[in-house]
There are 2 protein chains.
Amino acid sequence: MAPQRDKEQTMQRLIDAVGTIIGREGFRNIGVNTVAKEADVDKVLIYRYFGGLDGLLKAYAYQKDFWLNIDKLFGDIEPERLNDMCYLKEITKQILHGQLTEMRANKELQEILIWELVERNNLTAQLAADREEKGTGLTRLLSGKLGIAQEVEPLIAIVIAGVTYLALRSRSDSHFNGVNISSADGWGRIEEGLNKIVDLYFESLAK
Amino acid sequence: MAPQRDKEQTMQRLIDAVGTIIGREGFRNIGVNTVAKEADVDKVLIYRYFGGLDGLLKAYAYQKDFWLNIDKLFGDIEPERLNDMCYLKEITKQILHGQLTEMRANKELQEILIWELVERNNLTAQLAADREEKGTGLTRLLSGKLGIAQEVEPLIAIVIAGVTYLALRSRSDSHFNGVNISSADGWGRIEEGLNKIVDLYFESLAK
DNA sequence: TTTGGTAGTCACTAATTAGTGACATACTTT
DNA sequence: AAAGTATGTCACTAATTAGTGACTACCAAA
């Protein structure tokens with residue numbers, strides 16, 4: 001029988017409370033008092049179990065998977081078809097579509113990204129570094145197949161950064177450059193824009 | 001002779017203190033105590049002269065010209081040549097170049113943009129709205145000349161958003177998607193990427 | 001059943017926050 | 001010069017912050 005006093009469970013409650021607060025209000029109002037109250041747990045346990053708020057945040061960050069899961073996006077790829085330019089184009093669109101969808105849907109990821117922008121500490125630096133390492137999958141795929149990494153890298157950087165910023169903006173703004181980023185319709189137009197860029201680029205390669 | 005007690009000067013000291021703090025540490029540590037200390041002025045004057053911190057921040061934001069000054073970028077345009085597709089293409093590149101340069105150089109603008117991302121209040125909402133209104137100049141120019149606003153809007157949104165996010169990231173990250181966003185070289189590559197997109201798009205129109 | 005360690009509670013400190021009321025001093029107007 | 005007003009100073013409150021020390025209660029092993 002599980003003990004009435006359960007350290008593991010209490011730790012988990014604290015970690016979950018961090019997620020709840022970040023998802024609801026962002027990282028601004030996070031502090032030992034807030035988290036302890038949300039978890040309905042005494043704040044002294046944060047110090048006992050995690051050594052302080054930083055340790056708790058670290059535990060939180062490493063339990064969740066905050067970088068975009070590129071491997072998942074790459075799962076559906078049929079390697080033997082990658083030499084088919086047309087297939088490669090579709091894969092590219094598919095990956096960008098996945099990034100857009102994930103960025104729009106994952107509120108906690110949005111908050112983490114903003115946190116990384118606002119304050120740089122050991123934790124946010126680590127998260128950013130992990131993301132940078134894992135997030136260049138599309139570039140590597142295209143450069144591996146096309147042998148044009150130099151040219152394609154900045155293009156993907158612009159596009160991914162654009163989608164990211166639009167998603168972050170959509171938290172509080174309804175429009176950006178005339179596009180309604182608070183509606184599915186507007187995001188559909190953005191996706192069309194992404195596809196257009198991909199189409200144009202692959203066309204230019206075919207020539 | 002100027003009086004020893006100078007309300008105007010004191011107000012300006014407070015406004016400047018806001019700028020100093022924002023430039024140094026961003027919006028995180030801003031508060032009546034911090035600002036008053038930085039300005040070497042009693043905090044009660046913030047309430048007397050500005051009605052509180054919000055009023056002071058508003059005065060700060062509106063004293064500076066924080067939206068990208070589109071009018072300035074549009075100054076060099078020779079209207080009679082705008083029907084020349086090739087000239088239009090160059091103007092587009094030039095405007096994007098201006099946005100990129102401004103975003104990279106203007107640290108205070110970067111902080112304001114991050115502030116807008118982090119907390120939404122009357123002031124940040126107003127700033128965002130102003131920027132949205134003024135910031136669609138390029139779109140209007142192209143759609144006016146090309147009559148393809150629907151298609152061009154999301155493309156520009158993605159590109160401008162991308163440049164913005166890369167600039168914000170560059171405050172604390174050295175790389176994004178393999179591009180070195182902390183070096184002039186890396187930003188040169190990004191600009192090449194922008195030009196590439198513009199070239200491709202205008203090519204597609206010529207067909 | 002006693003004993004030792006641990007999970008969890010509670011009450012406190014010291015620092016910092018936003019905001020206010022009372023006061024003094026300088027400048028201006030009469 | 002006298003009086004009044006506005007500028008600036010100081011001391012205070014109440015709330016909230018991070019962090020600590022002392023305590024109780026439970027659980028497991030001896």
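Naming convention: chains lettered A, B, ... in sequence-line order (proteins, then strands); numbering from 1 in each chain.
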For B:T10 and D:dG8, is the shortest distance between a side-chain N/O and OP1 or OP2 below 4.0 Å?
-> yes

In terms of side-chain geometry, is the basic nitrogen of B:R131 or B:E116 positioned less than 4.0 Å from the acidic oxygen of its partner?
-> yes

Check whether any side-chain nitrogen or oxygen of A:Y49 sits under 4.0 Å from OP1 or OP2 of C:dG8, and answer yes or no.
-> yes

Salt-bridged, A:E119 to B:R28, with N to O below 4.0 Å?
-> no

Atom-to-atom span, CD1 of B:I46 to C1' of D:dT7 - whole angstrom = 15 Å

Residues in side-chain hydrogen bond (donor to acceptor under 3.5 Å, both in side chains) with B:D54, at least two apart?
-> none

Give every residue pair that meets the ring-ring contact (aromatic ring centres under 6.0 Å, His included) criterion with at least one member in residues 100-133 of chain B, sequence neighbours excluded.
-> B:F27-B:W115

Between atom CG in B:D6 and atom P in C:dC27, what is the gap in whole Å?
-> 11 Å

Please tell me which of A:T34 and B:D40 maps to the more 5' nucleotide of DNA chain D, matching each residue to the nucleotide holding its nearest heavy atom.
-> B:D40

Might you confirm whether atom NZ of A:K58 has over 12 heavy atoms from other residues, nucleotides or ligands at distances under 6.0 Å?
-> no

Please tabulate, one pair per line, each protein N/O and nucleotide N/O from nucleotides 19-24 of chain C that are separated by under 3.5 Å, including the distance.
unit_1, atom_1, unit_2, atom_2, d
C:dG19, OP2, B:Y47, OH, 3.0
C:dG19, O5', B:Y47, OH, 3.4
C:dG19, N7, B:K43, NZ, 3.1
C:dG19, O6, B:K43, NZ, 2.7

Take the protein atom CG of A:D54 and the nucleotide atom P of D:dA18, then report the distance between them rounded to whole Å.
-> 11 Å

Which residues share a salt bridge (charged side-chain N to carboxylate O under 4.0 Å, His left out) with B:R171, sequence neighbours left out = B:E111

Does the distance from a Lys or Arg side-chain N to an Asp or Glu carboxylate O, for B:E38 and B:R24, drop under 4.0 Å?
-> yes

Residues from residues 21-31 of chain B lying under 4.0 Å of DNA chain D - heavy atoms | none

Separation of D:dC26 atom C1' from A:K7 atom NZ, nearest Å, is 16 Å

Any ring-ring contact (aromatic ring centres under 6.0 Å, His included) pairs touching residues 122-144 of chain A, not counting sequence neighbours?
-> none

